[in-house]
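Beneath this line is the structure, given in structure tokens, with notes to follow.
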Amino acid sequence: MDTALIDIIIVGHGIAGCNLAHLAETRGLSFCVIDEGGYSTSKVAVGMINPITGRKYVKTWQADTLWPFLEKHYAWLEKGLSEPIIHAHPLFKVLPDIDSLNTWQMRLGNPAYHKYLQDKQPSSLQGINLVQPYGGFYIDKAYRVDGPALLDASVRRWVNKGCYHKEVFDVSNLTLDKDSIRYRSLRAKHIIFCQGHAISSNPFFRDIPVRANKGEALIIESKSLPRDIIIGHQVNIVPLGNDRYWVGSTYAWEDETIDPTATGKEGLLDRLARSFQGEYRVLDHLAGLRPASKDRRPIIGWSPKSSQVACLAGMGTKGYSLSPYFADMLLDAVINQKDILPEVNLMRFA
Ligand SMILES: Cc1cc2nc3c(=O)[nH]c(=O)nc-3n(C[C@H](O)[C@H](O)[C@H](O)COP(=O)(O)OP(=O)(O)OC[C@H]3O[C@@H](n4cnc5c(N)ncnc54)[C@H](O)[C@@H]3O)c2cc1C
């Protein structure tokens, strides 16, 4: 007897595959998730979502479109999974020099930035030993999404539904028929790869320009940092609760291992010392590989080899803000034949 035909096989359950699975579920699609389990870059990331980035303090790409979508999406996941997932934290951005102070004042005068910038100083920074000769400013609508909590709660949900397979996906077991694809005992209409940096070794997507960019971070404990504010300085200092903070991160192209390095730690401690002069102790040191695309935009769409095989890839440094909206766009393309935004369409590299 043939197995039931499902709509989608999702390979990879980092933040991209996880968001895709939830959005597929909302649409009433049948799906299963295959992931090797354990480590993912999405669990190393702190899940920070920040609408104002760079030295010029500009709105991040597509912020006005992404933010309403992701705010609703993560709040809805939080409710559905009965798990605290999205934490709103104003981000205090420390100004490095007088020019940046002028840039910020210019942004503050621009109505397009009003919903993202605050001109007031929350009191919880008083008494915090920050290095800030030029002061700083507050960014609103910044969040931390608790990746480990979201990913683990989602796995429990998929296991309960009987649609989670903890295994390494072996592409040599994939066969494409005219109207369906087969993988071991599974039969589906579509397969979507959400493999993070590992997409570059998938034969269906070998030519898309995704490279691993290594990032390291520290987990510290301190009683001298604010509990409800993210600090953006030489490093980002992000509150995790219980006096623990995530401190990151580094960027390196040469090393494609997930081992934390002494150089990475030294660099982070040096930058932390130039940001904060209170007491702390290091609890942990993490490393992960960002799936960086050549033009810093996500890469979504079909493999040039098959219209049944798609990918949600290239999330780079912003998987937590980009993946909800673009997972939904990909589902619309796969299920409803809607267009994919040219800037993220895999076809731009064809
Ligand atoms: C130090 C650091 C800090 C970061 N901070 C942030 C941040 O604050 N905010 C933010 O938005 N982003 C941040 N990022 C970037 C973020 O981590 C990525 O954008 C995001 O995790 C990419 O998600 P993904 O689901 O595409 O890939 P991944 O998280 O890598 O997930 C891919 C999944 O696919 C699975 N997989 C791959 N191949 C197979 C296979 N053959 N069989 C089975 N399973 C497979 C893997 O096991 C993994 O679970 C940070 C990254 C680093 C390294």
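As the structure lists them, so they are numbered: ligands from 1, and atoms in each ligand from 1.
Aromatic ring centres of Tyr280 and Tyr245 lie farther apart than the 6.0 Å criterion allows. Between Tyr57 and Phe137, the ring centre distance stays below 6.0 Å. Proximity of the aromatic rings of Trp158 and His22 is defined here by a centroid distance below 6.0 angstrom, and this criterion is met.
When only modelled atom types and interatomic distance are considered, Thr53 and Asn50 share no side-chain donor-acceptor pair under 3.5 Å. Side-chain atoms of Tyr74 and Asn19 include a donor-acceptor pair closer than 3.5 Å.
For atom 41 (N) of ligand 1, the closest non-hydrogen atom on the protein side is Phe169 O, 3.2 Å. Protein heavy atom at the shortest distance from atom 19 (O) of ligand 1 is Gly316 O, 2.7 Å. Looking only at protein heavy atoms, the nearest one to atom 35 (C) of ligand 1 is Asp35 OD2, 3.2 Å. Nearest non-hydrogen protein atom to atom 38 (N) of ligand 1 is Gln195 NE2, 3.2 Å. Nearest protein heavy-atom contact of atom 20 (C) of ligand 1 is Ser42 OG, 3.7 Å. The closest protein non-hydrogen atom to atom 11 (O) of ligand 1 is Tyr320 N, 2.9 Å. Of the protein's heavy atoms, Ala45 CB, 3.4 Å lies nearest to atom 50 (C) of ligand 1. The nearest protein atom to atom 25 (O) of ligand 1, hydrogens excluded, is given as Ala16 N, 3.0 Å; this is a heavy-atom distance.
Annotation: the span from Asn236 atom CG to Trp246 atom CH2 amounts to 6.5 Å, rounded to 0.5 Å.
Comparing Ala327, Ala313, Gly14, Pro291 by heavy-atom distance to atom 22 (C) of ligand 1, the nearest is Pro291. Among Arg144, Glu36, Met315, His197, the residue whose heavy atom lies nearest to atom 47 (O) of ligand 1 is Glu36.
Using a 4.0 Å cut-off to heavy atoms of Val168, the atoms of ligand 1 that qualify are 42 (N), 43 (C). Taking every non-hydrogen atom of Gly319 and a distance limit under 4.0 Å, the qualifying atoms of ligand 1 come out as 10 (C), 11 (O), 12 (N), 19 (O). Here is the list of ligand 1 atoms found below 4.0 Å of a heavy atom in Cys194: 32 (C), 33 (C), 34 (O). Atom numbering of ligand 1 starts at 1 in the shown order; those under 4.0 Å from a heavy atom of Gly196 are 26 (O), 27 (O), 30 (O), 32 (C). Those atoms of ligand 1 with a heavy atom of Ser40 less than 4.0 angstrom away are 29 (O), 48 (C), 49 (O). Per-residue contacts place Met48 under 4.0 angstrom from the following atoms of ligand 1 (heavy atoms of the residue considered): 7 (C), 8 (O), 9 (N), 10 (C), 11 (O). Listed by number with element, the atoms of ligand 1 under 4.0 angstrom from any heavy atom of Ser249 are 1 (C). Numbered from 1 in the order shown, with element, the atoms of ligand 1 that lie under 4.0 Å from a heavy atom of Lys318 read 10 (C), 11 (O), 12 (N), 19 (O).
No more than 12 heavy-atom neighbours from other residues, nucleotides or ligands sit within 6.0 angstrom of CD on Glu279. Counting non-hydrogen atoms of other residues, nucleotides and ligands closer than 6.0 Å to CZ of Arg274 gives a total above 12.
Using a 4.0 Å cut-off between heavy atoms, Tyr143 makes no contact with ligand 1 at all. Of all the heavy atoms of Thr317, the ones lying under 4.0 Å from any atom of ligand 1 belong exclusively to the backbone. Residue Lys43 does not touch ligand 1, judged by heavy-atom distances below 4.0 Å. With a heavy-atom cut-off of 4.0 Å, Lys214 does not touch ligand 1 at all.
Considering backbone and side-chain N/O atoms, Gly288 never comes within less than 3.5 Å of an N/O atom of ligand 1. Between Gly17 and ligand 1, a contact under 3.5 Å exists for no N or O pair.
One finds a salt bridge joining Arg281 and Glu221 here, because a Lys/Arg side-chain nitrogen approaches an Asp/Glu carboxylate oxygen to under 4.0 Å. The pair Arg27-Asp7 does not count as a salt bridge, with every side-chain nitrogen at least 4.0 angstrom from each carboxylate oxygen.
The side-chain hydrogen bond (donor to acceptor under 3.5 Å, both in side chains) test with Arg182 is passed by exactly one of Asn173, Thr3, Asp177: Asp177.
Taking 4.0 Å as the cut-off, Trp246 counts as a neighbour of ligand 1 on heavy-atom distance. Within the 4.0 Å heavy-atom cutoff, Glu167 counts among the residues contacting ligand 1. Within the 4.0 Å heavy-atom shell around ligand 1 one does not find Phe193.
Aromatic ring pairs are classed by plane angle as parallel below 30°, tilted from 30° to 60° and perpendicular above 60°; the pair Tyr116 and Trp67 is perpendicular. Between Phe69 and His73, the two ring planes are parallel [angle under 30°; tilted spans 30° to 60°]. Between Tyr138 and Phe92, the angle of the ring planes lies from 30° to 60°, which puts this pair in the tilted group.
Asp35 places a side-chain N or O within donor-acceptor distance of the main-chain N or O of His13, the cut-off being under 3.5 Å.
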